[in-house]
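Below you'll find the structure, written out as structure tokens, and then a few comments.
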Amino acid sequence: SQLAMVYAEVLNVAVPRDREADIELRREVSAPVAAPVAQGEKVGEAVAILDGFELGRVDLLAAETVEKGNWLHRLFH
């Protein structure tokens with residue numbers, strides 16, 4: 001299953017206007033993320049990269065709480 005994530009804050013980077021499309025946004029997520037996960041818990045980072053250089057990074061947070069299911073729920077989901 002997938003975990004919805006949100007940015008902890010706005011990630012602002014300065015690049016020439018004609019290079020905006022060249023920015024790579026990489027998600028570095030702690031793998032695997034195991035339940036339970038609390039809403040707002042840090043699960044990784046988003047990193048803006050241009051030409052192999054890091055421009056900035058921001059924390060990625062769980063957008064919702066995910067409870068650890070019981071064994072029956074985990075077996076069928």
Side-chain angles (χ1 to χ4, degrees):
S1 66
Q2 296 185 346
L3 173 66
M5 295 176 284
V6 295
Y7 294 99
E9 58 192 21
V10 175
L11 175 57
N12 288 315
V13 295
V15 294
R17 185 176 300 275
D18 62 339
R19 298 296 312 275
E20 290 175 352
D22 298 326
I23 296 173
E24 175 190 354
L25 187 59
R26 183 180 304 159
R27 292 187 181 111
E28 298 178 351
V29 178
S30 308
V33 177
V37 177
Q39 181 178 15
E41 181 178 333
K42 179 178 175 179
V43 292
E45 295 178 318
V47 185
I49 298 171
L50 181 64
D51 297 334
F53 294 99
E54 181 180 316
L55 303 176
R57 63 177 55 225
V58 65
D59 289 347
L60 288 172
L61 310 177
E64 57 194 6
T65 297
V66 179
E67 301 293 341
K68 187 172 185 175
N70 62 36
W71 71 270
L72 189 60
H73 180 267
R74 289 195 305 269
L75 182 63
F76 291 104
H77 293 89

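Since this is a predicted model, take the numbers as computed values, not measurements.
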Are [X] and [Y] joined in one hydrophobic group, where the rule is that I, L, V, M, F, W and Y side chains link up if heavy atoms are under 4.5 Å apart?
X	Y	value
Leu25	Leu61	no
Val29	Val58	yes
Ile23	Tyr7	yes

To the nearest 0.5 Å, tell me how far [X] [atom1] sits from [Y] [atom2].
X	Y	atom1	atom2	result
Leu55	Asn12	CG	CG	12.0 Å
Arg27	Met5	CZ	CE	5.5 Å
Asp59	Glu9	CG	CD	7.5 Å
Leu60	Glu41	CG	CD	12.5 Å

Checklist entry - Is the backbone of Ala63 close enough, under 3.5 Å, to the side chain of Gln39 for a donor and an acceptor to pair up by distance? => result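 The answer is yes, because a donor-acceptor pair under 3.5 Å joins these two groups.
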Taking every non-hydrogen atom, the tightest pair across [X] and [Y]:
X	Y	result
Glu64	Leu3	O-CD1, 4.4 Å
Ala48	Leu11	CB-CD2, 4.0 Å
Ala38	Ala62	O-CB, 3.6 Å

Next on the checklist: Tell me which pairs pass side chain to side chain donor-acceptor pair (under 3.5 Å) where either residue lies in residues 13-22, with sequence neighbours left out.
Outcome noted: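 Residue pairs passing side chain to side chain donor-acceptor pair (under 3.5 Å), neighbours aside: Arg19-Asp22, Arg19-Asp51.
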Next on the checklist: Less than 4.5 Å apart, side chain to side chain, heavy atoms only: is that true for Leu50 and Val13?
Outcome noted: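 SC-SC contact between Leu50 and Val13 ruled out.
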